[in-house]
Amino acid sequence: MASPTTKDHPHIEIDDINEETRQISEKDIVEKGEEKDMAPLPGSSIHRSSSRPQLDVSGAAIQGNFEEKDPTILLPNQTDDISHLALDIGGSLIKLIYFSRHADRQVDDRRKRKVKERLGVSNGSRRSYPILGGRLHFVKFETSKINECLDFIYSKQLHCGGMDSPRWPSDAPPSENAVIKATGGGAYKFADLFKERLGVSIEKEDEMNCLVAGANFLLKAIRHEAFTHMEGHKEFVQIDQNDLFPYLLVNIGSGVSIIKVDGDGQFQRVSGTNVGGGTYWGLGRLLTKCKSFDELLELSQRGDNRTIDMLVGDIYGGMDYSKIGLSASTIASSFGKTISENKELGDYKPEDISLSLLRMISYNIGQISYLNALRFGLKRIFFGGFFIRGHAYTMDTISFAVQFWSKGEAQAMFLRHEGFLGALGAFMSYEKHGLDDLMVHQLVERFPMGAPYIGGNVHGPPLGDLNEKISWMEKFVRKGTEITAPVPMAPPATTGLGGFEVPSSKGVLRPDASKLNVGVLHLVPSLEVFPLLADPKTYEPNTIDLSDHGELEYWFTVLSEHLSDLVDKAVASEGGTDDAKRRGDAFARAFSAHLARLMEEPAAYGKLGLANLLELREECLREFHFFDAYRTIKQRENEASLAVLPDLLMELDSLTEDMRLLTLIEGVLAANIFDWGSRACVDLYHKGTIIEIYRMSRKKMQRPWRVDDFDAFKERMLGSGDRKPQPHKRALLFVDNSGADIVLGMLPLARELLRRGTEVVLVANSLPALNDVTAMELPDIVAEAAKHCDILRGAAEAGGLLVDAMSNIQDGYKEDTPSVPLMVVENGCGSPCIDLRQVSSELAAAAKDADLVILEGMGRSLHTNFNATFKCDALKLAMVKNQRLAAKLVKGNIYDCPNCLRVGSSIVDCAIFEIQANESLKDVLFIPHSVFSFGTSFDEDAVHIQFVEFIRLDVMSVIKKCVSI
């Protein structure tokens, strides 16, 4: 029967890598699952062993302060040893998963507790499972080097509960009841070795059960776990966990198992074949003399199977057999051409043989898999196992086969964590592991500084000690993408590699570009989906598509050019010490390596958006202990802005209601120019003070306006004629930068809403990012502002922000009238952008009674959420400070911006206007950008306007009396 065509699939070249090797043997084949019996097995659920020590969760409590973001849960009555690791021990690789708790942070924030009490967020809602509030690490070792794996487990005391266990650093042996869950043939083979070296018993788990349980968890819990791979291009697939089942899981080891999965614990092996990875390796060794599986795979990439395979064109004189739909390049018979040629084995190139073998086996696996999917009416086919191993060309051939036989109706899909399915399933076989209850929004994957160097190979977690990390980075001298030094020697009782594999390719940064990285999975139970999203299933936070190589290259250049200034600020924030300089250099190298890795393979860390890049930068800073690089700058700008706030408030109070609302919106836009994340704004900072920059912006941005939809927003706020609308019940204000942005822009707007009887919740970052204000800093800023404003003082007291008696408040500001509250909540992230699928539980609680959302700043309303829609009224405000972004989002040149008004489903094009820039602004576009949308869920009779956008040309003066920094 004819096979798919032999067309040349584009692929990524893979250099030699120091990966695992495998000696083929009959026992190995059995261990990897060669299938001899094709009879289906009955469905089975994952086994929870009764011999496993049970967790005693009585008296469970949060360690330290329950307000911390990722708390450690203590189990005071638990006496048995709890091993937070599981293994899948195969014939070639050991896959290990282990859990570590987040470091304890003792913080006593009375103001935050008060706000959470008001919002109804209590500690009682937390689950009492020890797995929650920590990290899952994914590690691989070669089975032939099992002693390294045992050393690793011992060095981290994983068999005793880890270094965060109360037993650490005790040398006492684990109790007699201590067990480790494991699956795979090695769980039997090495049981005695684990008992001898670690004093623990291996509890064996069924391999098929673990495989399915691991796949189910990943597909339900990891947002971009599944991807397609065609002609070298990866595309991540969003799986709706409510529509996951049934699906087909094809596990390709030495043989092939085809499993129909109908639900959690419900699966059946419906087919299989004994022609799999073992067949490819065995025949390949005999025919090419390759010494390892990877060598054989790499050989195939240089091959041309047309010299060996008989094609349709060979039979029909180079012509297609169009009557039955076969092209001339279709493979009619694998290895068929060798029949008619008078050649010996040595006359054929090994690479051609390897490619012909790979296509023969991959195409047949793809065909058998599709036929089984057709048999059961399934559209989703997931492939994994030893044969896949992230190899680009293997995935391409399988994908092409499925597409060919299904005529494009079905897709082959692969999993980023496919090598860890068994180990993850074994981990889930522990009682009370807690993973069953996790949702996709509670998992955050992060990539430590070693990720770019080890690529898709995982040989250990990042070095735990900061000095070790810096030393490791310093031993690499990068020339382009080359590494010219090995990793440092590890101290005794560790893996011998310090967690990283020595690159064997003699200096290539990414020896295997096709493999995807596996990061550290952070489990954060306090994260929730923002309740006011109109449709969370279709919500996509990122505005810029970085799958476009041009966009990717541009933004990588922007981040690279900003790097030196960021390092200077980070070092200065730590006093400019030698230690800070050393850490700054290490950070710059590490982040540059991340960028190089992602430029080479944009999908390496999962689906990539601009928000992911910015968050990666902040995480990398924190990894080298730069926790607030702009701390000093923020303090200075806050003080300068607070000094002129009283005069601004006096000016606002002297205006009519209409003019005050207009001035407030313009004030927010003007203040948003102060952004240290913008290269253009950094240049402006070097040319003048805050006030000088204000004056410069105002000078050339004058009325009249070509497009002006401000009336739509004003009518919702103030009404028209005799009709006075009800004020909003609660407004969520997502704030951006410190200094003028928060003090002179958003606080006066919040004050106006409070004046109208609207509760206001200021939403700020949980962790510092650039010069963005944080939720921890906001109460002090509000307290200072409240000294000069009776409205702010009363609201802050009502919202629990002023829990201590305030000093220096003039008697004239005090009043007894009750005030609507002003509150502060953290947003759950530490990035200039925000993904509203993962917000803090207190923000989610605050949103339940909110009917107005205001997103301010480029990061939160342009880089992300530009296209987001909400169930309630929404206002998006930002000063566009990037020329390319302005042109892309408003679809115009640097000096013109189209504006559109969306009413219902129709689009009305509006006029184009121009921005005249003076010399000092000629290289950057500053577009005050405001988007207002009316929600329909709170007022059935409201006009159904989903999206109203207006762009302002001028920045009105919001300060008359001002001081310089």
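Keep in mind the model is a prediction, meaning the values are calculated, not measured. The figures that follow rest on heavy atoms only: side chains count, while hydrogens, waters and symmetry mates do not. The first residue in the sequence is number 1, and the count goes up from there.
- Contact check on Glu639 versus Arg636 returns no salt bridge, with no Lys/Arg side-chain nitrogen under 4.0 Å from an Asp/Glu carboxylate oxygen.
- Looking only at distances, no side-chain donor or acceptor of Asp851 sits under 3.5 Å from a matching main-chain atom of Asp873.
- Between Ala878 and Leu862, the closest heavy-atom pair is CB-CD1, 3.8 Å.
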Give the C-alpha distance, both sets of side-chain angles, the deciding distance and a yes or no for side chain to side chain contact (heavy atoms under 4.5 Å, CB included) between Asp628 and Thr774.
CA-CA 10 Å; Asp628 194 354; Thr774 68; 5.7 Å; no
Could you walk me through whether Met746 and Asp736 pass the side chain to side chain contact (heavy atoms under 4.5 Å, CB included) check?
CA-CA 9 Å; Met746 292 300 279; Asp736 190 9; over 6 Å; no
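- Residues Leu843 and Leu732 are in side-chain contact: their nearest non-hydrogen atoms beyond the backbone lie under 4.5 Å apart.
- Side chain of Arg730 to main chain of Ala846: a donor-acceptor pair is present (N/O by atom type, distance under 3.5 Å, no hydrogens or angles).
- Between the Asn542 side chain and the Ala611 main chain, a donor and an acceptor come within less than 3.5 Å of each other.
- The pair Glu445-Arg416 meets the salt-bridge criterion, since a charged nitrogen lies less than 4.0 angstrom from a carboxylate oxygen.
- Nearest heavy-atom pair, Glu561 versus Ser564, reported as atom, atom and distance to 0.1 Å: O-OG, 4.1 Å.
- No donor-acceptor pair under 3.5 Å is formed between the side chain of Thr864 and the backbone N or O of Asp835.
- Taking CG of Leu753 as the start and CD of Glu759 as the end, the distance is 12.0 Å to the nearest 0.5 Å.
- Not a single donor-acceptor pair under 3.5 Å links the side chain of Asp780 to the backbone N or O of Glu777.
- Contact of the Leu563 side chain with the Leu595 side chain is not registered, since no non-hydrogen atoms from C-beta on lie closer than 4.5 Å.
- Taking 4.5 Å as the limit, every side-chain heavy atom of Leu747 sits out of range of all side-chain heavy atoms of Val735.
- One finds a salt bridge joining Glu797 and Arg793 here, because a Lys/Arg side-chain nitrogen approaches an Asp/Glu carboxylate oxygen to under 4.0 Å.
- Judged purely by atom type and a 3.5 angstrom limit, Lys876 uses its side chain to pair as donor or acceptor with the backbone of Ala868.
- Partner His728 forms a side-chain contact (heavy atoms from CB on, under 4.5 Å) with one of Thr758, Val853, Val760 and no other, that one being Thr758.
- A donor-acceptor contact shorter than 3.5 Å links the side chain of Asn638 to the backbone of Lys634.
- Residue Ala798 comes nearest to Ser819 through the heavy atom pair CB-O, 3.6 Å, listed as atom of the first residue, atom of the second, then distance.
- Of the charged side-chain nitrogens involved, none lies within less than 4.0 Å of a carboxylate oxygen, so that Lys581 and Asp585 do not count as a salt-bridged pair.
- With Phe626 as the aromatic partner, Arg583 meets the cation-pi criteria of under 6.0 angstrom to the ring centre and within 45 degrees of the ring axis.
- Between Leu770 and Pro832, the shortest heavy-atom distance links the atoms CD1-CG, 3.9 Å.
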Step by step, would you call Asp772 with Tyr630 a side chain to side chain donor-acceptor pair (under 3.5 Å)?
CA-CA 9 Å; Asp772 290 0; Tyr630 288 81; over 6 Å; no
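- Checked by atom type and distance alone, the side chain of Arg135 never pairs as donor or acceptor with a backbone atom of Val520 at under 3.5 Å.
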What's the verdict on ring pair (Phe, Tyr, Trp, His ring centres under 6.0 Å) for Phe447 and His594, showing C-alpha distance, side-chain angles and the deciding distance?
CA-CA 9 Å; Phe447 297 87; His594 280 301; 7.8 Å; no
Mind running side chain to side chain contact (heavy atoms under 4.5 Å, CB included) on Ile742 and Leu778 for me, showing each step along the way?
CA-CA 9 Å; Ile742 178 63; Leu778 261 180; 3.8 Å; yes
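- Although no hydrogens or angles enter the test, the distance criterion places no donor-acceptor pair under 3.5 Å between the side chain of Arg751 and the main chain of Cys789.
- For the residue pair Ala534 and Lys871, the shortest heavy atom distance occurs at CA-CG, 4.0 Å.
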Side chain to side chain donor-acceptor pair (under 3.5 Å) between Asn827 and Arg860, worked out
CA-CA 11 Å; Asn827 58 19; Arg860 293 160 189 83; over 6 Å; no
CA sep, side-chain torsions, deciding dist, call: Ile781, Glu784, side chain to side chain contact (heavy atoms under 4.5 Å, CB included):
CA-CA 5 Å; Ile781 294 174; Glu784 285 299 313; 5.9 Å; no
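- Listed here is the closest heavy atom pair of Leu552 and Leu598: CD2-O, 4.1 Å.
- Between Phe734 and the choices Ile834, Ile854, Val761, Leu762, the side-chain contact (heavy atoms from CB on, under 4.5 Å) rule is met once, by Ile834.
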Steps toward side chain to side chain donor-acceptor pair (under 3.5 Å) verdict (Ser766, Glu826)
CA-CA 5 Å; Ser766 300; Glu826 62 180 53; 3.2 Å; yes
